[in-house]
Amino acid sequence: MISHVVLLSLRAGHDAAERDAIMRGLAELRLPGLLSFRHGLNIDVEGKSAEYPYGFSVTFTDRAALDTYLADATHRALGARLVALCRGGGSGIFVADLDIEAVE
């Protein structure tokens, strides 16, 4: 499984309604191998990511499903809107793609 984790360094005064609309759009994507989408405020309990107050994660069955998502036109359009809300544009977005292994 792949966990696609995205943290957002949102501009001060960003349009929260636009952010929420983008999150709804991502949540509505129906692509092969896309298992779940979750988003929310970063509560930064350990004090290590305060510059990223919001984020989301998407779980995929495998790398091929992630690649399909990354190439999807709707995802790309929503991503462009998200970039416009972040400090420094694309540099205000942190992405980690974790290859999750089951522990038995």
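Here, residue 1 is the first one in the sequence, and each next residue gets the next number. Computed from heavy atoms alone, side chains included, the values below leave out hydrogens, waters and symmetry copies.
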Chemist: Going by salt bridge (Lys or Arg N to Asp or Glu O under 4.0 Å), name the pairs with one or both residues in residues 75-84, residues two or more places apart or in two chains.
Modeler: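 Sorted pair list: Glu18-Arg81.
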Chemist: Mind checking side-chain contact (heavy atoms from CB on, under 4.5 Å) for Ala77 and listing every partner two or more places apart, or none if nothing turns up?
Modeler: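 In terms of side-chain contact (heavy atoms from CB on, under 4.5 Å), with neighbours along the sequence ignored, Ala77 is linked to no residue.
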Chemist: Any ring pair (Phe, Tyr, Trp, His ring centres under 6.0 Å) involving residues 67-87? Give me the pairs, sequence neighbours left out, ordered by first then second residue.
Modeler: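 Matches after skipping sequence neighbours: His4-Tyr69, Phe60-Tyr69, Tyr69-His75.
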Chemist: So, does Asp44 use its side chain to make a donor-acceptor pair with the main chain of Pro53 at under 3.5 Å?
Modeler: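 Flag not set: sc Asp44 to bb Pro53 has no pair under 3.5 Å.
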Chemist: Mind listing the closest non-hydrogen atom pair of Ile93 and Val95 along with its distance?
Modeler: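 Distance-wise, the nearest heavy atoms are CG2-CG2, 3.9 Å.
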Chemist: Is Asp67 salt-bridged to Arg63, cutoff N-O under 4.0 Å?
Modeler: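 Yes.
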Chemist: Are the side chain of Arg11 and the backbone of Ala84 linked by a donor-acceptor contact shorter than 3.5 Å?
Modeler: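 Looks like yes, one N/O pair under 3.5 Å.
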Chemist: Would you give me the side-chain donor-acceptor pairs under 3.5 Å for residues 30-39, sequence neighbours excluded?
Modeler:
residue, atom, partner, partner atom, Å
Arg30, NH1, Ala27, O, 2.9
Ser36, OG, Thr59, OG1, 3.2
His39, ND1, Tyr54, OH, 2.6

Chemist: Suppose the criterion is salt bridge (Lys or Arg N to Asp or Glu O under 4.0 Å): which pairs have a residue in residues 49-59, not counting sequence neighbours?
Modeler: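 Listed once each, the pairs would be none.
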Chemist: Taking only residues two or more places apart in sequence or in another chain, which ones pass side-chain contact (heavy atoms from CB on, under 4.5 Å) with Leu7?
Modeler: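 Only Tyr52, Phe94 meet the side-chain contact (heavy atoms from CB on, under 4.5 Å) criterion with Leu7.
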Chemist: Looking at Ile100 and Ser3, what are the two nearest heavy atoms and their distance?
Modeler: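 Nearest pair, atom of Ile100 first, then Ser3: CG1-CB, 3.9 Å.
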Chemist: Would you name the heavy atoms of Leu26 and Leu78 that are closest together and state the gap between them?
Modeler: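 Shortest heavy-atom separation between Leu26 and Leu78 comes out as N-CD1, 3.6 Å.
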Chemist: Rounded to the nearest 0.5 Å, what separates atom CG in Leu10 from atom SG in Cys86?
Modeler: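 One gets 5.0 Å once the value is rounded to the nearest 0.5 Å.
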